[in-house]
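Everything quoted here is computed from the prediction, not taken from an experiment.
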Amino acid sequence: MFSKKLNPRSFGIMKPEGVPGSSLTAIGVGLFVAFGGILFGYDTGTIGGIIAMPQWLKTFSTGYINPANHGPGITASQSSLIVSILSAGTFFGALTAAPTADLTGRVWALAISLVVFCFGVLLQTISSAIPLFVAGRFFAGFGVGLISALIPLYQSETAPKWIRGSVVGAYQLAITIGLLLASVVDNATKNRTDSGAYRIPIALQFAWAIILGVGLIFLPETPRYLIRQGRDEKAARSLSRLRRLPVDNPYLVDELADIKANYEHELSLGTSSYRDFLTWHTLGKRLMTGCLLQSLQQLTGINFIFYYGTSFFTNSGIQNPFVTTMITSAVNVASTFPGLYLVEAWGRRRLLLFGAIGMFISQMIVAAAGTAFPGSTNLSAQKALVAFVCVYIFFFASSWGPVAWVVTGEIFPLGVRAKGLSMTTASNWLLNWAIAYSTPYLVNPGKGNADLQAKIFFLWGGCCLLCAFFVWGMIYETKGLSLEEVDEMYETINNAWQSDSFVPSRGFRKEETKNTGAVGSGEKLKGDIPVVDQSSEHTEGEHAEGNGVATEVSE
């Protein structure tokens with residue numbers, strides 16, 4: 001026998017050759033669940049256009065007159081409340097996601113979130129005054145907050161490791177599609193002279209919820225959650241469905257055994273709780289990484305464009321601001337596709353660094369152009385501003401947009417994964433709320449406002465430079481690793497910049513057998529899961545050669 005140790009991280013974005021079964025079901029399930037991002041993106045993107053619609057302002061204005069056009073309007077405080085209350089709801093929804101997911105399961109938790117979301121949409125649709133509209137925004141936000149933590153959790157626990165980054169990144173793609181749909185629908189209804197101008201865009205959200213809700217009926221529960229609940233047989237059937245392999249296939253048995261052994265190791269250290277995150281060398285470092293990553297994603301300023309882009313482009317002297325918003329949303333969608341490839345081809349660290357530096361440069365140019373020609377009719381300045389806003393969106397959508405969700409879905413152990421994800425997602429929404437609430441005061445002219453206008457991009461650009469240093473010092477490279485191997489890496493590698501060289505201690509082997517995958521008489525039990533006994537063939541650290549491919553060996 002010849003020994004050969006293969007680094008699983010060299011597989012790139014291609015499925016390792018010769019591994020049995022099919023990943024199509026798991027990928028399809030992960031991509032469908034990502035559809036929930038449309039709820040997130042559409043609800044985020046539609047409000048900016050709605051509060052600029054003449055019909056909405058006529059109905060909801062409390063008497064304030066807009067000095068720009070001398071028509072009905074809303075004050076900066078009302079604008080802040082209406083836009084930011086969604087993020088307040090999402091903050092509490094994200095924190096609630098952990099106990100909900102652990103108590104009911106991942107699929108049922110998603111179903112509950114859709115019910116809460118639809119209740120919020122209903123209140124917004126029937127409202128004709130700001131208080132009820134705000135209440136609807138809060139409940140819709142609560143549902144979106146649940147969804148935003150649950151979807152990356154579900155995807156991470158079901159996707160094959162070789163393409164997990166792309167599958168989880170598809171959640172961000174769905175968010176961008178939602179933003180684009182919102183801008184298109186807002187543009188299509190903005191000139192209606194009845195309440196349909198704003199009620200149609202709002203009520204359309206029921207359709208997205210129904211599509212996802214119907215699909216949930218057919219989705220399997222995640223194998224890792226079932227293992228956590230001690231339901232090993234159901235976990236085997238779930239993984240069998242996701243990998244398209246018989247429940248007694250050695251490859252599938254090994255994967256289940258590894259999940260179970262890792263979880264039992266966690267249990268041996270004591271029951272998990274939120275207190276565990278207070279210890280730096282166990283979970284504190286991971287929580288700090290996830291929370292800062294999600295917070296900095298917001299501090300790149302991306303939601304300034306999608307919350308207040310229409311108003312910003314109007315104040316910058318640009319004609320057809322609704323059309324410009326559609327263009328930026330389309331760039332956002334198209335730019336996400338390179339990110340889904342690069343997250344596995346380049347890895348997490350490299351892609352995040354690329355995005356941070358690119359955003360910094362483009363935002364400095366936007367800030368300079370907008371500051372030099374404020375509210376200008378200079379066509380060249382307007383074109384430069386829009387062009388580099390689009391360049392900035394490209395760098396965000398291909399890097400920090402999808403990768404923030406990918407990394408936070410990977411770095412926590414099974415026992416506390418839902419808790420960790422809920423807190424990191426809540427930090428995203430907390431900064432989202434702060435930015436949504438403060439932006440009108442920072443950007444708009446008038447008494448008590450900072451009147452920064454395009455100078456706000458100097459602030460976002462400075463945060464992007466901070467992002468680059470954060471990635472170098474805190475983000476571990478998780479490309480090509482199973483969730484259990486990521487856990488091992490955090491336990492053995494002290495510094496993020498050394499993580500590229502990490503190789504799992506479990507090693508990889510090649511199957512030399514020509515069997516069809518059934519477990520024969522040489523099997524033994526690992527926990528309650530049957531695994532192939534290889535002790536008679538190989539000593540520890542040896543690897544069999546054959547026509548198969550490298551595959552993980554349980555310890």
Lys285 atom NZ, over 12 foreign heavy atoms within 6.0 Å: yes
Checking Gln363 side chain against Gly461 main chain: does a donor-acceptor pair fall under 3.5 Å? yes
Side chains of Val333 and Leu173, heavy atoms from C-beta outward: is any pair under 4.5 Å? yes
Kindly determine whether Tyr42 and Trp208 satisfy ring-ring contact (aromatic ring centres under 6.0 Å, His included), including the steps that lead there. CA-CA 9 Å; Tyr42 185 90; Trp208 318 138; 5.8 Å; yes
Would you mind listing every side chain to side chain donor-acceptor pair (under 3.5 Å) that reaches into residues 115-131, with sequence neighbours excluded? none
What one should report as the nearest heavy-atom pair of Arg199 and Ile126 is NH2-O, 3.7 Å
What distance separates Leu292 CG from Leu431 CG, expressed to the nearest 0.5 Å? 9.5 Å
Residues Asp487, Arg286; criterion salt bridge (Lys or Arg N to Asp or Glu O under 4.0 Å); working and verdict: CA-CA 10 Å; Asp487 193 34; Arg286 306 190 205 191; 2.7 Å; yes
Output, in order, the C-alpha distance, side-chain angles, deciding distance and verdict of ring-ring contact (aromatic ring centres under 6.0 Å, His included) for Phe92 and Trp433. CA-CA 11 Å; Phe92 292 106; Trp433 169 81; over 10 Å; no
Could you check if a side-chain atom of Lys419 sits within less than 4.5 angstrom of a side-chain atom of Phe277, using non-hydrogen atoms only? yes
Donor-acceptor list for residues 214-223 side chains, cut-off 3.5 Å, not counting sequence neighbours:
| residue | atom | partner | partner atom | Å |
| --- | --- | --- | --- | --- |
| Glu221 | OE1 | Arg106 | N | 3.1 |
| Glu221 | OE1 | Val107 | N | 3.4 |
| Glu221 | OE2 | Arg106 | N | 3.2 |
| Thr222 | OG1 | Glu157 | OE1 | 2.8 |
| Thr222 | OG1 | Tyr225 | N | 3.2 |

Is the shortest heavy-atom distance from the side chain of Leu86 to the side chain of Ile47 under 4.5 Å? no
May I ask you to check whether Phe304 and Phe457 place their ring centers less than 6.0 Å from one another? yes
Please answer whether the main-chain N or O of Trp405 pairs with a side-chain N or O of Thr408 as donor and acceptor at a distance below 3.5 Å. yes
When you measure from the side chain of Arg348 to the backbone N and O of Glu477, does any donor-acceptor pair fall under 3.5 Å? no
Are Phe133 and Trp56 close enough that their ring centers fall under 6.0 Å? yes
Given Trp400, Phe395, Phe396, the one that forms ring-ring contact (aromatic ring centres under 6.0 Å, His included) with Phe354: Phe395
Does the side chain of Asp43 come within less than 4.5 Å of Arg137's, by heavy atoms? yes
Are there more than 12 heavy atoms of other residues, nucleotides or ligands under 6.0 Å from atom CZ of Phe139? no
Would you say the side-chain atoms of Thr176 and Asn332 include a donor-acceptor pair closer than 3.5 Å? no
Does Gln55 reach the main-chain N or O of Lys190 with its side chain, forming a donor-acceptor pair under 3.5 Å? no
Between Ser80 (side chain only) and Tyr437 (backbone N and O only), is there a donor and an acceptor less than 3.5 Å apart? yes
Identify the residue among Ser148, Ser295, Ser87, Ser427 that makes a side-chain hydrogen bond (donor to acceptor under 3.5 Å, both in side chains) with Asn432. Ser87
Regarding Glu255 and Lys161, does a basic nitrogen lie under 4.0 Å from an acidic carboxylate oxygen? no
Main-chain N/O of Gly290 paired with Thr424 side-chain donor or acceptor, under 3.5 Å: no
